[in-house]
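Notes to accompany the following structure.
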Amino acid sequence: MSADTPSANTPSAVPTSALLNARVGEVTERIAQRSRDQRQRYLDRIAAAAAHKPRRQALGCANQAHGFAACAPGDKAVLREGQGASLGIVTAYNDMLSAHQPYERYPQLLREAARGVGGVALVAGGVPAMCDGVTQGEAGMELSLFSRDVIALSTAVALSHQTFDAAVFLGICDKIVPGLVMGALSFGHLPAVFIPSGPMTSGLSNTEKSRIRQLFAEGKVGRDALLEAESKSYHGPGTCTFYGTANTNQMLMEIMGLHLPGASFVTPDTPLRDALTKAAAQRALAITALGNDYIPAGRMLDEKAFVNGIVGLHATGGSTNHTLHLVAMAAAGGIALTWQDFSDLAEVTPLLTRVYPNGTADVNHFHAAGGMAFVIRELLGAGLLHADAETILGRGLEAYTKEPVLAEDGSLAWRDGPAVTGDDKVLRTAAEPFQATGGLKVLDGNIGRAVIKTSAVAPERHIIEAPARVFHAQEELQAAFKAGELTGDMVAVLRFQGPKANGMPELHKLMPPLGVLQDRGLKVALVTDGRLSGASGKVPSAIHVTPEAVDGGAIAKVRDGDLIRVDAVAGTLEVLVPAAEWAARTPVTADLSASHSGVGRELFAPFRNAVGQAEKGASIFQEVFA
């Protein structure tokens, strides 16, 4: 470990963590008991894969020669004859997407860093990186969720050469980080370090962007005004600055110990960002099985790490997509999470942040107000995190209450994070949170099970009871809105949007028209077996309804005019019709052929046939990981 790297064992000014919250302990224990057999099988498998010498030395001579044929002379000598570690780089680089464009420079930075400690870094392979912002409301969005599992498969291909002693993962956005984690856990005997690129600098305020989107939905401004606003919002390299799935991913990688402390929200192409990137490579090389500080990713990412991630999700008002992704990620490591685990942890986790769409600030404001170091410090102090969880720095989260800085000589160092929030409109203490619970609720009832995010929903809208208006495509709802047909209170039921139906697309384009109706004074809610993005906001939305309609789920029984109650207080999702009538109804079916071809969708028929239910992570690997 570098002298400048914060050690989990280094004394600091951080107060000793409180005793672990009883609920957090209970949930962790039941996850461990539920997962015991499959977790042990997983640990046995990665233990068998571990080797205390470079695995490449066991390959045939021709295999080895292919592996270093194109290397620089010095790197070739290390791989051929030396005991230096080899670092595999798995990258989601492409230069169309703002979050991933900065990764173009990373391989060279990583090579230089590896050589500096006697190792070698090689790009092992690339994984696809699609942008939900580009495909939102378009046919390509129906590939989005499945891209997560494609990324996991691509990661496996990249690492299948068995020549690496550790791996670093370059990924940011929605399905990319979860897919990389799943792939990394398949090679869980290797250390894994995740390296972010950081958020773009702040552009047009989120309040103004939202205002113009709504004006466009009402027909009060034209496309030119909308495009100008969007261009000022998304204007340069880096992650989109709202707190959607991409930035929730970064929070998770930090609180689960896969990032260096404070790495998540440093902007791209800056000296501090580059220093963190190099330090991450050197840390990955320091924790291989070749040395005395071996930290395999599969052992590190245990029940405590995933519970810490869920607590972080609630405390920051993170993306609902992670009720799918965290379940699938954990399963890859032999750990069985349920939505009830999420719900029970939400009840004891205070909401500490207000970042758009849960407020007006962006992630740069959050970072400036104290960021992850402050959040982790507060959660540790409240006993809501496992303080002894293992990280890439070793055992313990105290190091993650520090923040990185560049010293006067340009070297990387860490200092204690702020003890006081820099802006209490953005970031608060556990003692004085924005709300007492995490703002995520599991709903259950005769329509099925669903999740609802309430952190951005006004309290008076946490219970909506209104007649159903049923749609089988988001375009149908948008057309009804434009035609002026939606004039009364309603629960919009949008079905046949689940993973088996059409890949479970995000339905974020529904938010502006539904928001307009709500602002007109109507009671409005959404019930769907599809998804909303991490940017879902002020309209109460029961999403991920399972079983989905295409599986004959009860959502396929709902008819126009049925009275529906969405109750985020009691945690219920009910259609209020007589039980005998409801039981006698036959679920409707739908012609989904239009969603099964074009824009590559025909290639994903095996995924639609194999995918599991939303509550199980909506993954094609459900049986593989069981």
Side-chain angles (χ1 to χ4, degrees), residues 97-99 130-148 173-176 206-207 209-218 226-227 229-230 233-234 239-249 317-325 355-358 362 440 450-457 471 473-479 481-482 492-499 501-519 524-545 595 614 618:
L97 305 184
S98 62
M130 66 175 290
C131 179
D132 292 354
V134 175
T135 58
Q136 195 68 245
E138 303 294 333
M141 173 54 78
E142 296 178 8
L143 306 185
S144 173
L145 181 59
F146 289 145
S147 76
R148 181 195 65 193
C173 290
D174 297 24
K175 266 55 69 184
I176 299 156
N206 289 305
T207 302
K209 175 182 67 177
S210 181
R211 186 184 71 85
I212 293 174
R213 282 179 175 176
Q214 190 149 317
L215 288 174
F216 179 77
E218 295 178 89
L226 179 63
L227 183 57
E230 299 290 353
S233 298
Y234 309 115
T239 316
C240 302
T241 60
F242 63 86
Y243 195 53
T245 311
N247 285 316
T248 304
N249 284 339
S319 170
T320 53
N321 276 325
H322 279 291
T323 60
L324 306 175
H325 297 328
V355 185
Y356 186 84
N358 303 332
D362 66 24
L440 188 79
V451 296
I452 187 169
K453 179 178 176 180
T454 60
S455 52
V457 176
F471 303 94
Q474 58 182 321
E475 292 80 9
E476 293 176 8
L477 190 154
Q478 290 168 325
F481 172 78
K482 290 177 181 177
V493 177
L494 182 55
R495 59 196 181 194
F496 296 102
Q497 305 298 310
N502 62 356
M504 206 179 191
E506 288 183 352
L507 305 168
H508 185 52
K509 279 201 169 181
L510 296 180
M511 290 299 100
L514 292 178
V516 169
L517 296 175
Q518 182 171 270
D519 289 349
V524 180
L526 173 67
V527 173
T528 181
D529 50 9
R531 294 186 294 130
L532 284 176
S533 76
S536 57
K538 64 184 183 180
V539 176
S541 302
I543 60 176
H544 307 172
V545 171
S595 288

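Note that this is a predicted model, so its numbers are computed, not measured. Heads up: numbering here begins at 1 and tracks the sequence.
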Give, for atom [atom1] of [X] and atom [atom2] of [Y], the distance between the pair rounded to the nearest 0.5 Å.
{"X": "T241", "Y": "N247", "atom1": "OG1", "atom2": "CG", "result": "7.5 Å"}
{"X": "S455", "Y": "N358", "atom1": "OG", "atom2": "CG", "result": "3.5 Å"}
{"X": "L227", "Y": "I212", "atom1": "CG", "atom2": "CD1", "result": "11.0 Å"}
{"X": "F471", "Y": "T528", "atom1": "CZ", "atom2": "OG1", "result": "12.0 Å"}
{"X": "I176", "Y": "S147", "atom1": "CD1", "atom2": "OG", "result": "7.0 Å"}
{"X": "L517", "Y": "F481", "atom1": "CG", "atom2": "CZ", "result": "5.5 Å"}

So, the side chain of [X] versus the backbone of [Y]: is there a donor-acceptor pair under 3.5 Å, distance only?
{"X": "T248", "Y": "S319", "result": "yes"}
{"X": "N502", "Y": "S595", "result": "no"}
{"X": "K175", "Y": "F146", "result": "no"}
{"X": "S144", "Y": "P505", "result": "no"}
{"X": "Q136", "Y": "V134", "result": "no"}
{"X": "D529", "Y": "F496", "result": "yes"}
{"X": "R148", "Y": "A618", "result": "yes"}

Looking at every heavy atom in both [X] and [Y], which two are closest together, and how far apart are they?
{"X": "C131", "Y": "L97", "answer": "CB-CD2, 3.2 Å"}
{"X": "M504", "Y": "A614", "answer": "CE-CB, 3.9 Å"}
{"X": "Q214", "Y": "K538", "answer": "OE1-NZ, 3.5 Å"}
{"X": "A246", "Y": "C173", "answer": "CB-CA, 3.8 Å"}

When you compare the side chain of [Y] with that of [X], does any pair of heavy atoms fall below 4.5 Å?
{"X": "S210", "Y": "Y356", "result": "yes"}
{"X": "L514", "Y": "M511", "result": "yes"}
{"X": "L532", "Y": "K453", "result": "no"}
{"X": "E138", "Y": "K509", "result": "yes"}

Is there a side chain to side chain contact (heavy atoms under 4.5 Å, CB included) between L477 and L494 once you walk through the steps?
-> CA-CA 8 Å; L477 190 154; L494 182 55; 5.6 Å; no

Donor-acceptor side-chain pairing of H322 and N249 below 3.5 angstrom =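 Looking only at side-chain atoms, N249 and H322 do form a donor-acceptor pair, the distance falling under 3.5 Å.
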
Looking at residues at least two apart in the chain, or sitting in another chain, which of them share a side-chain contact (heavy atoms from CB on, under 4.5 Å) with T135?
->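 T135 satisfies side-chain contact (heavy atoms from CB on, under 4.5 Å) with M130, D132, M141 only.
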
Can you spot which of I543, L145, T323, L507 makes a side-chain contact (heavy atoms from CB on, under 4.5 Å) with R531?
->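 Only one option passes, and that is L145.
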
Residues which pass side chain to side chain donor-acceptor pair (under 3.5 Å) with K209, listed by chain and number, not counting sequence neighbours =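 K209 satisfies side chain to side chain donor-acceptor pair (under 3.5 Å) with N206, Y234 only.
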
